[in-house]
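Accompanying notes for the structure given below.
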Amino acid sequence: MEALNQKSIERAVSQKALQMGSSFPCQICVVGLLCGVCLTSLFLAALTSFGSFEFAGISFSSTGFSTRNSTSDFLNDVTSTDCEFKLKETERRVDLNQSEMKTDDEKITLLYSAWDAILTGSANVESEFLKRFGLNRSSVPNAPHLENCRLSARVNKRLDTRIKNESFPPWTSWKGLLDTYPVSAANEQLRHFRHHTMSEGTYPPWITGSDEENYPLTRKVQRDIWIHQHPSNCRDPNVRFLVADWERLPGLGIGAQIAGMCGILAIAIKEKRVLVTNYYNRADHDGCKGSSRASWSCYFFPETSQECRDRAFELMADKEAWRKGIIKGKDNYKSKEIWAGQTPRVWGDPWTYLQPTTEINGSLIAYHRKMDRRWWRAQAVRYLMRFRTEYMCGLLNIAHHAAFGKEAAKMVLMSLPRDWPKEATNNPKSDMEEFVWASHKPWIPRPLLSMHVRMGDKACEMKVVEFEGYMRLADRIRKHFPHLNNVWLSTEMQEVIDKSKLYSNWNLYYTNVKRQVGNMSMATYEASLGRETSTNYPLVNFLMAAEADFFIGALGSTWCYLIDGMRNTGGKVMAGYLSVNKDRFW
């Protein structure tokens, strides 16, 4: 009986032990024990590989254990197999992730290259590239950082041309292509409103931001300049002209040429003449095709209509027209009248209540010397650059793609199917995309700080500041706007580019051109680049600076002076302008 009871107890205990052994907590404990043994084995192996290791007075030698019993053999076999399995599994996952990352990088490069082929190549080059990689045009998504230059030029041409029997171009309260939407065109009420706005003259579409974000009267001034430069009948005997070449004096930079033309436009407005610009030496290169060669219209829309240009050039051959003063040239005016003449008083004196947002040494400038000239040049340069041509738009696209293309490709790929380009969506454009979103500006990483570092031979005109001084101002801006990380760097000095690589906490972008080394003069440097490059890349930098969220420059630089004017008529007044020097402020 006792033996039977004893066996019953043993059986019960065995069953209980079996239940406990199969329970989840017990399994966790066993797994934990095995993992602990595994880690201990690896730790000891690591220690023995270093000969001896002493920790807290305890010495571990590299001799190890020479004998093992069956239990220890079993545990070591299990833990060794388990650790090897987990190690291989980890390696497999790492390799898989690296493979996926590599695939993503390859996709980014492929998309970037596809955009590049479409942007810079001919139709044959584009077709060959797409075919080589098994792509078709519809499988390549739109590039958010690139502008449809052909469409933009067509829209801007429409906005710069007076509609027949109307007083103004189709300047309405709508932007872009919205007023061409078929339903809007068929709606009688909307058509009446459109006619009314064009008859009365709304403000021109090239001004962005509110009145408070621009220099005083900017919207009205821009509209009035356009009206002045676009008479309804250019052959009216009362229409008089002023024809002028761009300055070509030795040593004058591109900024000085623009400033000079601003002075000539002021004379034309005061004398009620239509300004017609003629030979522009910086556009006299192979990049400017056809009639735009050697003309401002290679880069920006012409200052007046083609009808007025044709009429002015006809009158240039008429001696009687010169005698009567119907037409005049730049030679009819003294240099002082062009460079330091009186600002047009057509709009009163709005500069008297202009508060500059320029800072030097931590303090705002209360008043600029020659404030009237500063206000006028800002208005003139804004008008002269109101619309970019398809060629200028293309130059900006190339710069955008080189600087931001990889980032844009990475963003776009996140919204595409995982198997792109094998799996690609080909959805037709919606009305929203075609009539509304098409007018949005190309993507750039924002907020963006533009920085123009002027050094070299400029030291003879102003106090030059090393690159470190500019970056200290950049750090000041970032203290107030901590999300600022991107800088568009404009400079002619290789020394500045080299130093910029030390600032790894900033994303610095710049055009890829040869730069000055040493104290080479600007004229010599531009000659080494050639006329086309020495004109194209500064204009790209100028427009990038005008679009940036913040700007750092030097008040002593004419180029910075014009950039500031362009920004103050482009909705950037409240962004401010931080200057590294106080020399020559106007």
Side-chain angles (χ1 to χ4, degrees), residues 160-169 201 204 220-249 252 256-281 283-284 291-298 300-349 372-373 376-377 379-384 386:
D160 201 54
T161 305
R162 181 183 281 103
I163 291 181
K164 188 176 181 180
N165 301 324
E166 298 285 1
S167 303
F168 292 92
K220 176 174 173 50
V221 172
Q222 292 298 309
R223 183 185 66 176
D224 291 349
I225 295 176
W226 191 93
I227 295 171
H228 171 90
Q229 286 292 113
H230 292 81
S232 57
N233 181 10
C234 297
R235 294 188 174 275
D236 188 318
N238 295 318
V239 176
R240 300 185 300 169
F241 300 91
L242 195 169
V243 179
D245 291 345
W246 292 75
E247 289 288 354
R248 281 180 283 171
L249 294 174
L252 281 186
Q257 287 180 303
I258 295 173
M261 191 55 69
C262 291
I264 296 173
L265 178 59
I267 293 172
I269 288 178
K270 286 183 291 185
E271 295 188 358
K272 294 182 171 55
R273 296 179 180 277
V274 175
L275 171 65
V276 178
T277 65
N278 200 5
Y279 182 73
Y280 183 44
N281 63 327
D284 193 0
S291 62
S292 70
R293 179 160 187 148
S295 172
W296 179 252
S297 61
C298 176
F300 301 95
F301 274 38
E303 65 292 331
T304 188
S305 65
Q306 188 60 47
E307 292 77 14
C308 280
R309 291 180 64 82
D310 292 342
R311 177 59 178 161
F313 293 139
E314 285 178 18
L315 292 172
M316 287 183 71
D318 186 347
K319 292 182 180 179
E320 189 67 13
W322 284 97
R323 189 185 67 81
K324 293 181 177 179
I326 298 173
I327 187 167
K328 283 188 176 182
K330 188 171 62 176
D331 294 340
N332 291 102
Y333 305 94
K334 296 179 180 178
S335 178
K336 187 176 180 180
E337 292 179 90
I338 295 173
W339 293 97
Q342 189 182 39
T343 299
R345 261 41 180 194
V346 178
W347 305 278
D349 51 1
D372 57 339
R373 191 181 303 164
W376 166 249
R377 284 182 175 174
Q379 301 296 341
V381 74
R382 170 57 65 178
Y383 176 77
L384 292 172
R386 66 193 182 282

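Along the sequence shown, the residues carry numbers beginning at 1. These values consider heavy atoms only, across backbone and side chains, with no hydrogens, waters or symmetry-generated copies.
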**OP:** Find out whether Asn281 and Gln257 are in side-chain contact, i.e. whether some heavy atom of one side chain is under 4.5 Å from a heavy atom of the other.
**Re:** yes
Original post:
Does Arg240 use its side chain to pair, donor to acceptor, with the backbone of Asn238 at less than 3.5 Å?
Top reply: no
Original post:
Can you tell if the side chain of Cys298 reaches within under 4.5 Å of the side chain of Tyr280, non-hydrogen atoms only?
Top reply: no
Subject >> Point-to-point distance, once rounded to the nearest 0.5 Å, from CD1 of Ile326 to NZ of Lys324 >> reply: 5.5 Å
**OP:** Report yes if the side chains of Ile338 and Ile267 come closer than 4.5 Å at any heavy-atom pair, otherwise no.
**Re:** yes
Original post:
If you measure from SG on Cys262 to CD on Gln379, what distance do you get to the nearest 0.5 Å?
Top reply: 10.5 Å
Original post:
From Asp310 CG over to Thr304 OG1, what is the distance, rounded to the nearest 0.5 angstrom?
Top reply: 10.5 Å
Original post:
Do you know the tightest heavy-atom contact between Glu337 and Lys334?
Top reply: OE2-N, 2.9 Å
**OP:** Could you walk me through whether Glu314 and Ile327 pass the side-chain contact (heavy atoms from CB on, under 4.5 Å) test, one step at a time?
**Re:** CA-CA 10 Å; Glu314 285 178 18; Ile327 187 167; over 6 Å; no
Original post:
With distance as the sole test, does Glu303 use its side chain to make a donor-acceptor pair with the main-chain N or O of Thr277 at under 3.5 Å?
Top reply: yes
Subject >> Sub-4.5 Å side-chain heavy-atom contact between Asp236 and Pro231 >> reply: no
Original post:
Looking only at atom types and distance, does a side-chain atom of Trp322 sit under 3.5 Å from a main-chain N or O of Met316, one as donor and one as acceptor?
Top reply: yes
Subject >> Nearest heavy-atom neighbours spanning Phe241 and Cys234 >> reply: CZ-O, 3.7 Å
Subject >> Nearest-0.5 Å distance, SG of residue Cys308 to CD of residue Gln306 >> reply: 10.0 Å
**OP:** Show your reasoning for whether side-chain contact (heavy atoms from CB on, under 4.5 Å) applies to His230 and Phe168.
**Re:** CA-CA 10 Å; His230 292 81; Phe168 292 92; over 6 Å; no
**OP:** For the residue pair Ile225 and Arg223, establish whether any side-chain heavy-atom pair is separated by less than 4.5 Å.
**Re:** no
**OP:** Would you indicate whether the side-chain heavy atoms of Glu271 and Lys328 approach each other to under 4.5 Å?
**Re:** yes
Original post:
Checking side-chain contact (heavy atoms from CB on, under 4.5 Å) for the pair Tyr333/Leu242: CA distance, chi angles, key distance, verdict?
Top reply: CA-CA 11 Å; Tyr333 305 94; Leu242 195 169; 3.7 Å; yes
Subject >> Over all atoms of both residues, closest heavy-atom pair of Tyr279 and Asp284 >> reply: OH-OD2, 2.8 Å
Original post:
If only atom types and distance count, is the side chain of Arg323 paired as donor or acceptor with the main-chain N or O of Glu320 below 3.5 Å?
Top reply: no
Original post:
Once you round to the nearest 0.5 Å, how far does CG of Leu265 lie from CZ of Arg273?
Top reply: 14.0 Å
**OP:** Name the orientation class of the two ring planes belonging to Trp376 and Trp347 (parallel below 30°, tilted from 30 to 60°, perpendicular beyond 60°).
**Re:** parallel
Original post:
How far apart are the closest heavy atoms of Met261 and Leu384, and which atoms are they?
Top reply: CG-CD1, 4.1 Å
Original post:
Do you know the tightest heavy-atom contact between Gly341 and Lys270?
Top reply: C-NZ, 4.3 Å
Subject >> Pairwise distance NZ(Lys330) to CG(Leu275) - rounded to 0.5 angstrom >> reply: 11.0 Å
Subject >> Charged N-O contact under 4.0 Å between Arg235 and Glu307 >> reply: no
**OP:** Taking all heavy atoms of Ser297 and all of Ser292, pick out the closest pair and write down the distance.
**Re:** OG-CA, 4.0 Å
Original post:
If we only count heavy atoms from C-beta on, is the Trp226 to Arg162 side-chain gap below 4.5 Å?
Top reply: yes
**OP:** Tell me, with the steps shown, if Tyr383 and Gln222 meet side-chain contact (heavy atoms from CB on, under 4.5 Å).
**Re:** CA-CA 6 Å; Tyr383 176 77; Gln222 292 298 309; 3.6 Å; yes
Original post:
Hey, does Arg386 have a side-chain heavy atom less than 4.5 Å from the side chain of Asp160?
Top reply: yes
